[in-house]
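Only heavy atoms go into these numbers, but all of them, side chains included; no hydrogens, no water, no symmetry mates.
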Amino acid sequence: MIFVEMETVKLSEIVLKWFPDLLPFFRQNELNSMIVLRDGLGILEEEDALEIIQYSICEHQDHAHLH
């Protein structure tokens, strides 16, 4: 059996760790988005962080068009 340590973090934690210069470009509700990381924040790599950020931006844009 393989044990996978899941960790839930706010998007703001990911942005602050890898791309702090981008912080002003996010709305607070985007930064408060909860992200579940399969192996935790400790081993998340920069390219994966960027992919999560890009996906989150797309998700929030889709919802913005619905309102």
Side-chain angles (χ1 to χ4, degrees):
M1 176 186 235
I2 298 173
F3 178 72
V4 178
E5 183 178 334
M6 307 274 273
E7 182 179 0
T8 303
V9 299
K10 288 184 179 181
L11 181 64
S12 61
E13 294 178 67
I14 295 171
V15 174
L16 281 170
K17 184 169 182 175
W18 283 277
F19 307 100
D21 294 345
L22 296 180
L23 201 60
F25 297 101
F26 288 90
R27 293 185 303 260
Q28 193 60 46
N29 67 323
E30 293 171 321
L31 293 172
N32 288 335
S33 297
M34 299 307 288
I35 309 294
V36 178
L37 301 174
R38 184 183 64 214
D39 297 318
L41 188 63
I43 66 166
L44 186 67
E45 296 182 7
E46 184 176 340
E47 62 192 38
D48 297 325
L50 183 57
E51 186 175 324
I52 290 168
I53 290 168
Q54 290 171 335
Y55 180 79
S56 181
I57 290 169
C58 290
E59 280 294 303
H60 284 92
Q61 285 179 345
D62 289 345
H63 294 298
H65 292 295
L66 295 175
H67 295 275

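- Under the 4.5 Å side-chain heavy-atom criterion for grouping Ile, Leu, Val, Met, Phe, Trp and Tyr, Phe25 is connected to Leu50 within one hydrophobic cluster.
- Side-chain contact between Leu11 and Ile53 is present, with at least one heavy-atom pair separated by less than 4.5 Å.
- Applying the side-chain contact (heavy atoms from CB on, under 4.5 Å) criterion to Glu46, with sequence neighbours excluded, gives Trp18, Phe19.
- Checked against side-chain hydrogen bond (donor to acceptor under 3.5 Å, both in side chains), Ser33 has the following partners two or more places apart in sequence or in another chain: His60.
- Residues forming a side-chain hydrogen bond (donor to acceptor under 3.5 Å, both in side chains) with Gln28 (at least two apart in sequence, or on another chain): Asn32.
- Residue pairs satisfying the side-chain hydrogen bond (donor to acceptor under 3.5 Å, both in side chains) criterion with at least one member in residues 7-17, sequence neighbours excluded, are absent.
- Partners of Leu23 according to the side-chain contact (heavy atoms from CB on, under 4.5 Å) rule, which considers only residues two or more places apart in sequence or in another chain, are Val15, Leu16, Leu31.
- In this structure Glu45 satisfies the side-chain contact (heavy atoms from CB on, under 4.5 Å) test together with Glu47, Asp48, sequence neighbours excluded.
- Exactly one of Ile14, Val9, Ile57 qualifies for a side-chain contact (heavy atoms from CB on, under 4.5 Å) with Ile52. That residue is Ile14.
- For the side-chain contact (heavy atoms from CB on, under 4.5 Å) test, no residue two or more places apart in sequence or in another chain qualifies with Glu51.
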